[in-house]
Amino acid sequence: MILVTEFMRGEAAGGFVLMAAAALALIVANSAAATLYFESLHARLGGLSVLHWINDGLMAIFFLFVGLEIKREMLVGQLSSWPRRMLPGIGALGGMIVPALIYVAFNRNHPEALRGWAIPTATDIAFALGVLALLGKRVPTSIKVFLAALAIIDDLGAVLIIAVFYTSELSLLHLLLAAAVLVILVVLNKTGVRRLTPYLVLGAILWFLVLKSGVHATVAGVVLALTIPLRMDNEFADPPLITLEHALNRVVPFLIVPLFGFANAGLSLAGLTWANLVDPLTLGIALGLLCGKLIGVFGFSSIAIGIGIARLPQNASWTQMFGVAILCGIGFTMSLFIGMLAFANDPLLQSEVKVGILGGSLLAGVLGYLVLRFAKRRVEDEADLQPLS
């Protein structure tokens with residue numbers, strides 16, 4: 001029991017559990033239990049399929065957790081000032097633009113595939129930080145902070161992409177009702193309500209209304225998070241945001257995300273051919289993650305450092321920056337999520353999405369680990385420590 005508790009507290013734990021869930025899904029999807037696996041996911045429960053409940057219901061809690069983390073980091077954490085936001089923000093921007101361009105370049109002659117342009121733009125924070133945790137003290141803390149901050153901004157970008165580009169036909173009535181609930185949530189925040197219960201009850205109503213509105217339901221999780229108070233009148237009590245984040249800190253990485261991975265990573269190899277592996281969609285995703293993230297994150301960060309608006313993370317070498325940029329190509333959770341939205345009604349394209357994500361993410365993880373494993377860390381001199389003017 002002690003060993004299990006210590007494991008769950010480790011930085012790499014969430015990544016390991018997600019990796020195990022994805023591997024199990026691949027095994028089950030290609031075993032005698034494959035029929036049961038796929039039929040169970042499409043079984044109806046309360047008007048929605050089991051897969052729908054996971055992707056639209058449980059993942060709304062994941063997005064709530066992401067939203068809480070974004071708000072905390074923006075107000076009091078690693079992203080609380082513009083100098084701190086500059087390098088990871090510019091790196092994240094490059095890490096979204098270049099992978100999307102690579103994907104579009106591969107699929108420019110395939111209009112039906114262009115809907116998936118955003119798939120390689122996301123970094124999986126659990127997997128990427130898990131790999132860094134395996135490296136221990138070989139990687140300076142500043143690199144871990146940079147990667148975490150970049151992934152948080154990356155998640156924010158993914159949420160905006162989902163809200164804007166992966167929204168179906170809108171219901172004006174449900175949107176107006178959702179807006180009314182949001183106004184009530186803001187009023188609760190502004191009038192000093194600190195109990196979580198009314199926020200969570202209204203959040204459940206908001207989720208239902210957003211689901212019916214045509215906007216993807218998971219966006220409700222982020223919107224709710226932004227209304228949860230971070231300030232507390234009693235200095236001896238945790239703010240509601242911190243309380244809720246702590247409550248979700250084990251549920252999300254050890255239950256919700258692995259369950260999502262198990263439900264969505266199941267790829268049946270039956271019927272897949274070499275043509276599927278070299279299809280423009282598959283290559284666009286894999287190379288978008290592996291090469292696009294590297295070029296975008298490292299290239300944009302290098303330019304920002306070179307022109308003096310940001311500086312290299314403390315004690316980090318350029319080789320380590322190169323390695324962590326490769327790690328940003330691990331795009332499992334959010335990439336799969338966007339892929340399932342983009343091609344919700346096309347099982348073949350979904351399979352190619354999974355091949356591209358799994359292949360690109362695996363290569364990014366292995367290559368990033370090897371670069372960082374053998375990279376030398378830089379010791380800064382006094383001049384390096386001077387603040388930016």
Side-chain angles (χ1 to χ4, degrees), residues 18-19 21-31 33-44 48-59 62 99-100 102-104 106-107 109-122 124 127 158 161-162 165-168 216-218 257-290 329-363:
L18 178 56
M19 191 183 304
L24 181 61
L26 286 171
I27 293 170
V28 172
N30 292 281
S31 71
T35 301
L36 177 61
Y37 169 78
F38 289 110
E39 287 182 352
S40 297
L41 289 175
H42 291 93
R44 307 295 291 184
L48 299 175
S49 69
V50 172
L51 184 62
H52 203 164
W53 275 113
I54 293 171
N55 289 354
D56 283 20
L58 289 181
M59 284 302 282
F62 165 77
I102 289 177
Y103 180 92
V104 170
F106 272 91
N107 292 278
N109 297 322
H110 302 83
E112 72 283 359
L114 286 176
R115 183 168 168 77
W117 65 270
I119 296 171
T121 63
D124 191 292
F127 267 138
I161 287 171
I162 291 168
F165 296 100
Y166 295 99
T167 292
S168 56
H216 199 271
T218 51
V257 173
L259 187 57
F260 169 82
F262 179 73
N264 288 276
L267 171 65
S268 175
L269 300 179
L272 285 181
T273 65
W274 176 252
N276 297 122
L277 298 180
V278 296
D279 186 86
L281 187 148
T282 306
L283 290 177
I285 293 172
L287 294 178
L289 288 170
L290 182 61
I330 303 175
F332 188 79
T333 306
M334 201 68 82
S335 293
L336 268 180
F337 190 80
I338 294 174
M340 297 307 102
L341 289 179
F343 306 115
N345 300 313
D346 195 322
L348 176 59
L349 292 184
Q350 287 184 9
S351 295
E352 292 185 354
V353 165
K354 293 175 184 179
V355 171
I357 292 172
L358 293 172
S361 296
L362 179 62
L363 286 172

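In this chain, numbering begins with 1 at the start of the sequence shown. The structure presented is a predicted model; accordingly, all values stated were derived computationally and were not measured.
When all heavy atoms of A265 and F332 are compared, the closest pair comes out as CB-CZ, 3.8 Å. Shortest non-hydrogen contact noted between R115 and Y166 is O-OH, 2.5 Å. L41 and S49 make their closest contact through O-CB, 3.8 Å (heavy atoms, listed as atom of the first residue, atom of the second, distance). Closest approach of I285 to P120, counting heavy atoms only: O-CB, 3.8 Å. V353 and G339 make their closest contact through CG1-CA, 4.0 Å (heavy atoms, listed as atom of the first residue, atom of the second, distance). What you find for A34 and A29 is that their closest heavy atoms are CB-O, 3.4 Å.
Looking only at distances, no side-chain donor or acceptor of N107 sits under 3.5 Å from a matching main-chain atom of G284. Remark: side-chain polar atoms of T282 are not paired, donor with acceptor, to backbone N or O of V278 under 3.5 angstrom. No donor-acceptor distance shorter than 3.5 angstrom exists from the side chain of Y103 to the backbone of L283, with no hydrogens or angles considered. In this structure, T121 contributes its side chain and A118 its backbone to a donor-acceptor pair below 3.5 Å.
The shortest side-chain heavy-atom distance between L48 and D56 does not fall under the 4.5 Å cut-off. Between N264 and L51 the shortest side-chain heavy-atom distance falls below 4.5 Å. Between L341 and F165, every side-chain heavy-atom pair lies at or beyond the 4.5 Å cut-off. With a 4.5 Å cut-off on side-chain heavy atoms, P99 and L289 do not count as touching. Side-chain contact between F62 and F337 is absent, with no heavy atoms from C-beta onward closer than 4.5 Å. By the 4.5 Å heavy-atom criterion applied to side chains, F106 and D279 are not counted as neighbours.
To the nearest 0.5 angstrom, M59 atom CE is 6.5 Å from M334 atom CE. The distance from atom CG of N55 to atom CG of L259, rounded to the nearest 0.5 Å, is 9.5 Å. In this structure, CG in L336 is found 4.0 Å from CD1 in I357, a value given to the nearest 0.5 Å. Distance CD1/I102 to CG/L287: 7.0 Å, rounded to 0.5 Å.
Here side-chain hydrogen bond (donor to acceptor under 3.5 Å, both in side chains) pairs that include residues 331-355, with residues two or more places apart or in two chains, are D124-T333, N276-E352.
A distance below 6.0 Å separates the ring centres of Y37 and F262.
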